[in-house]
Amino acid sequence: MKIKKLKYVGVIMAAVISMAGCANATSTDATVVNEATSTENIDNTNANETTDSETVDNAKESSDVSTEKAERVYATPKEKVDSVTPQDDLDLTQDLFVKKIDGLSDDFICGMDASSVQVLENSGVRYYDFEGKECDVFKTLSEAGVNYIRLRVWNDPYNEEGYGYGGGNNDIETAQALGKRATEYGMKVCIDFHYSDFWADPKRQLAPKAWEGMSVSEKSVALHDYTLECLNMLLENGVDVGMVQIGNEINYGMSGESLQANVTKLLSEGSKAVREAASSFDKDIKIVVHYTNIEDNEQVKNRVTNLGLAGVDYDYIGLSYYPFWDGDFENMQSVVKMIRDEFGKEVFLAETSYCYTSVDGDGSGNSVSGTDDIVDGYPATVQGQANMLRDTMAAASDAGALGIFYWEGVWLPVGAATDDNSSIWETYGSGWASSYAGKYDPDDAGLYYGGCSWENQALFSFDGHPLPSLNTFKYVKTGHDAELRIDAVPDVYLSFTTGEEVKLPEDVSVIYNDTSKNKNVAVKWDTEAASKIDNSVAGKYEICGTVDDGSVLTCYIEVNLPNAVLNPSFEEDDTSMWEVRAEGSDITDYQDKADDAHTGTKALHFWAGDGKSEFKLFQKIDGLSAGTYSLQCFAQGGDMTDDSELILYALVNGKTYSESFMVTNWAEWKNPVIDDIEIADGDSVEIGVHYKVNKGSWGTVDDFVLEKK
């Protein structure tokens with residue numbers, strides 16, 4: 001997934017606790033064997049090397065899932081989670097409005113990734129049916145209209161001592177156990193091979209420990225044999241495998257290989273293994289190649305073109321599509337149609353999701369907050385979640401997609417947000433990563449390991465009861481009516497300049513459960529609070545309002561000093577007042593992409609893909625009145641090394657004022673500020689940022705403000 005998708009998690013625990021002792025204290029004698037070796041960087045220099053019989057034999061031995069391995073450590077399953085975060089305002093009985101999707105195919109994939117179920121149950125999570133009775137979650141999913149289950153598979157998600165990396169500890173044995181349960185309730189299974197020992201996504205494609213040091217040819221043999229043996233195991237045990245993903249979100253590489261020629265060689269061997277297994281069991285198993293970042297249409301097109309040029313044998317393209325990250329429906333549809341029309345391949349959405357609440361269930365932070373990062377018109381409510389799921393399915397169907405998989409709609413918290421749940425995450429692997437993954441994945445798991453980041457996007461409440469939105473999967477085929485009601489009233493955000501009259505709106509937009517009925521309605525504001533707004537000085541205010549049905553909203557007001565920066569957010573087409581000077585290759589552009597902008601849709605974007613790079617973005621300003629000024633901007637980005645330098649600066653009469661800062665992750669906006677800039681009448685001021693960055697770093701800069709104090 002894009003745990004961008006953990007790439008986007010980036011949640012640092014308040015206290016980092018090593019739980020090895022705890023796991024030892026609670027473990028039992030139940031063990032499974034597993035191999036672990038040291039983690040090294042992959043050497044791509046042997047891309048064209050052929051293997052002799054000895055190296056092929058070595059590769060086969062390393063790929064064999066039955067090879068004797070280090071003992072794994074398991075803990076006795078908890079009887080039940082001790083406590084969960086209260087959801088007092090959550091109505092599990094609400095009747096949802098779901099508009100029928102006309103023309104929806106009878107075999108449209110209504111899929112669910114349910115990879116975390118086993119470790120959650122071991123952690124004490126219990127699932128219930130719509131009647132409130134404890135029930136196998138796969139039965140509940142099937143009855144709600146889910147017809148396909150997706151399960152990720154990692155080669156060896158355990159360290160040298162046998163402790164699990166977390167995120168579900170999804171080895172092949174886990175996939176087999178979950179796959180059998182899905183099959184029992186009539187659902188087909190999609191196996192998602194990451195060909196890694198832990199998360200594989202656009203940011204990281206680490207080779208399994210057992211494949212470290214192999215040439216591409218050796219690794220291809222190992223991948224083939226591993227795939228074949230795993231599928232044979234699943235099929236022999238009755239798992240109804242209908243699709244196999246050979247890799248997960250492989251835009252930039254797979255299994256430690258970044259050259260596309262090497263990636264396609266690995267894909268061909270994975271594909272060959274799937275065909276062999278399907279033939280042995282007389283099964284029709286479709287082969288899937290999975291891409292993400294579909295907002296970059298040309299990159300996806302190039303990747304699919306490469307598959308054809310390399311002769312990779314596959315059936316479907318799977319696309320990750322998260323509406324809060326990956327653009328609007330129209331762009332998603334354009335990519336689906338492009339692949340179908342230009343390459344003749346079927347397409348489906350391998351991952352999608354949406355939040356129903358802004359509450360953090362386990363104190364570990366959420367990938368999507370449910371506040372300022374939601375899609376306009378889709379509030380973080382159960383109905384809003386249902387509407388987004390329904391509309392995503394409708395858009396996919398209209399573009400000719402085979403269906404969708406909802407990503408980890410069953411991933412729930414294992415304790416209350418006020419509790420220290422780290423021992424559970426570490427012991428059972430129910431957080432997104434444990435500390436034991438740190439050596440294998442030092443740049444992400446080693447820094448940010450912790451709990452679940454997805455519980456507010458689940459289709460179950462924190463205590464395991466199905467949300468009404470889960471039934472969207474079956475309602476889309478028939479439609480489902482409900483009494484018209486207001487679902488949400490979005491808050492209002494207004495900004496004014498000092499001296500400007502502050503006016504509150506007389507009406508506000510409201511969102512109904514049937515969004516086709518959305519309209520503006522009258523609002524009553526707290527007049528006493530409004531009367532205290534002082535527009536002569538800078539300040540921030542929150543004014544409560546109420547609409548006729550009693551729904552409450554807040555108007556957030558900012559009174560700002562005049563901003564001396566022209567086109568400070570790059571929203572205007574004319575950017576001539578700004579100048580960019582780059583050393584080496586031109587790595588910057590004015591990007592129009594709301595997800596990467598602090599406000600609006602535009603920001604200055606950079607990517608140092610070819611090597612260390614340096615650039616300055618600046619603007620010269622004249623005609624300011626004398627006084628003391630402050631300067632600030634907003635910046636985000638990632639993959640920075642310690643030797644990178646990011647500086648906000650102002651240059652006045654040969655004197656430089658500066659503030660150093662560092663970006664850390666996508667959407668983690670940094671706000672460097674310089675106070676006490678002294679400007680005299682007639683001074684010319686240069687303001688901007690100066691970046692010296694390492695190869696592979698990226699980010700955006702937005703919203704400059706130079707104001708008199």
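Here, residue 1 is the first one in the sequence, and each next residue gets the next number.
Sorted by first and then second residue, the side chain to side chain donor-acceptor pair (under 3.5 Å) pairs involving residues 494-509 (not counting sequence neighbours) are D507-N520. Residue pairs meeting the salt bridge (Lys or Arg N to Asp or Glu O under 4.0 Å) criterion with at least one partner in residues 486-498, sequence neighbours excluded, are R485-D487. Within the structure, the ring pair (Phe, Tyr, Trp, His ring centres under 6.0 Å) test picks out no pair touching residues 520-547 (sequence neighbours left out).
Looking at F606 and S697, their side chains come closer than 4.5 Å, going by heavy atoms from C-beta outward. Under the 4.5 Å side-chain criterion, counting only non-hydrogen atoms from C-beta, E707 is in contact with S630. Within the 4.5 Å cutoff, no side-chain heavy atoms of K620 are placed close to those of D622. Side chains of Q385 and L467 form a contact here, defined as non-hydrogen atoms less than 4.5 Å apart. Annotation: side chain of C633 is in contact with side chain of P672 (closest heavy-atom distance under 4.5 Å). Using a 4.5 Å heavy-atom threshold, the side chains of P323 and T352 count as touching. Residues Y590 and L604 are in side-chain contact: their nearest non-hydrogen atoms beyond the backbone lie under 4.5 Å apart. For the pair L349/M332, a side-chain contact is recorded, criterion being any heavy-atom separation below 4.5 Å from C-beta on.
Across A667 and Q636, no two heavy atoms sit closer than the pair N-OE1, 3.0 Å. Across all non-hydrogen atoms, the minimal contact from I374 to P379 is CD1-CA, 4.0 Å. Scanning all heavy atoms of the two residues, the minimum distance from L96 to A386 falls at CD1-CB, 3.7 Å. Here the shortest heavy-atom pairing between T85 and A417 reads OG1-N, 2.8 Å. When all heavy atoms of A380 and S358 are compared, the closest pair comes out as CB-N, 4.4 Å. Heavy-atom minimum distance, V300 versus I294: CG2-CA, 4.0 Å.
Atom CD of E528 sits in a sparse spot, with 12 or fewer heavy atoms from other residues, nucleotides or ligands closer than 6.0 Å. Atom CG of D573 has 12 or fewer neighbouring heavy atoms from other residues, nucleotides or ligands inside a 6.0 Å radius. Residue-environment remark: CG (D643) exceeds the threshold of 12 foreign heavy atoms within 6.0 Å. For K337, the NZ atom sits in a packed shell: over 12 heavy atoms of surrounding residues, nucleotides or ligands are nearer than 6.0 Å. Taking a 6.0 Å sphere around NZ of K616, one finds it holds more than 12 heavy atoms contributed by other residues, nucleotides or ligands.
Donor-acceptor pairing under 3.5 Å is recorded for the side chains of E249 and S320. Judged by distance alone, the side chains of Q299 and N251 do bring a donor and an acceptor atom under 3.5 Å apart.
Counting only distance, with no hydrogens or angles, the side chain of D526 and the backbone of I543 share no donor-acceptor pair below 3.5 Å. Listed for the D639 side chain is no donor-acceptor partner under 3.5 Å among the backbone atoms of W698. Proximity of a side-chain donor or acceptor of N293 to a complementary backbone N or O of D296 within less than 3.5 Å is not detected. Remark: side-chain polar atoms of D681 are paired, donor with acceptor, to backbone N or O of A626 under 3.5 angstrom.
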Determine whether T601 and D592 satisfy the following criterion, side-chain hydrogen bond (donor to acceptor under 3.5 Å, both in side chains), listing intermediate values before the conclusion.
CA-CA 5 Å; T601 64; D592 189 351; 2.9 Å; yes
side-chain contact (heavy atoms from CB on, under 4.5 Å) evaluation trace for Y691 with V701
CA-CA 11 Å; Y691 276 36; V701 186; 3.3 Å; yes
Please step through ring pair (Phe, Tyr, Trp, His ring centres under 6.0 Å) for the pair W407 and W454, ending with a clear verdict.
CA-CA 9 Å; W407 197 79; W454 215 252; 5.0 Å; yes
Between S461 and Q87, does the side-chain hydrogen bond (donor to acceptor under 3.5 Å, both in side chains) criterion hold? Intermediate values first, please.
CA-CA 8 Å; S461 64; Q87 292 183 285; 4.5 Å; no
Verdict with supporting geometry, T700 and W669, side-chain contact (heavy atoms from CB on, under 4.5 Å):
CA-CA 9 Å; T700 52; W669 288 96; 3.5 Å; yes
Do L412 and C452 pass the side-chain contact (heavy atoms from CB on, under 4.5 Å) test, and can you show the C-alpha distance, the side-chain angles, and the key distance before you say yes or no?
CA-CA 7 Å; L412 306 183; C452 177; over 6 Å; no
Should V673 and L648 be marked as a side-chain contact (heavy atoms from CB on, under 4.5 Å) after you check the CA-CA gap, both sets of side-chain angles, and the distance that decides it?
CA-CA 8 Å; V673 178; L648 172 71; 5.8 Å; no
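Residues satisfying the salt bridge (Lys or Arg N to Asp or Glu O under 4.0 Å) test with D676, not counting sequence neighbours, are K709. Legend: residues meeting side-chain contact (heavy atoms from CB on, under 4.5 Å) with M577, ordered by chain and number and at least two apart, are L566, N567, D574, Q619. In this view, D596 and K593 satisfy the salt bridge (Lys or Arg N to Asp or Glu O under 4.0 Å) rule, not counting sequence neighbours. For K695, there are no salt bridge (Lys or Arg N to Asp or Glu O under 4.0 Å) partners two or more places apart in sequence or in a different chain. Shown here are the side-chain contact (heavy atoms from CB on, under 4.5 Å) partners of N387, two or more places apart in sequence or in another chain: Y378, Q383, T515. In this structure K301 satisfies the side-chain contact (heavy atoms from CB on, under 4.5 Å) test together with E298, T305, M338, E342, F343, sequence neighbours excluded. Contacts of A680 classified as side-chain contact (heavy atoms from CB on, under 4.5 Å), with partners at least two apart in sequence or in another chain: D683. With sequence neighbours left out, D373 forms a salt bridge (Lys or Arg N to Asp or Glu O under 4.0 Å) with no residue at all.
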Distance-only donor-acceptor hits, side chain of residues 550-563, under 3.5 Å, sequence neighbours excluded:
unit_1: S551; atom_1: OG; unit_2: D549; atom_2: OD1; d: 2.8
unit_1: S551; atom_1: OG; unit_2: D549; atom_2: OD2; d: 3.0
unit_1: N563; atom_1: OD1; unit_2: V565; atom_2: N; d: 3.1
unit_1: N563; atom_1: OD1; unit_2: L706; atom_2: N; d: 2.9
unit_1: N563; atom_1: ND2; unit_2: F704; atom_2: O; d: 3.0

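Considering CZ of F618 and NE2 of H690, their distance stands at 10.5 Å, rounded to 0.5 Å. In this structure, I679 CD1 and Y629 OH are separated by 5.5 Å, a value rounded to the nearest 0.5 Å. Annotation: the span from I101 atom CD1 to D398 atom CG amounts to 10.0 Å, rounded to 0.5 Å. Taking CE from M388 and OG from S469, the interatomic distance works out to 13.0 Å, rounded to the nearest 0.5 Å. If you take CD on E686 and CG on N653, they are separated by 12.5 Å, rounding to the nearest 0.5 Å. The distance from atom OG1 of T472 to atom CG of L459, rounded to the nearest 0.5 Å, is 7.5 Å.
Note: Y321 and F329 have tilted aromatic rings, judged against thresholds of 30 and 60 degrees for the angle between ring planes.
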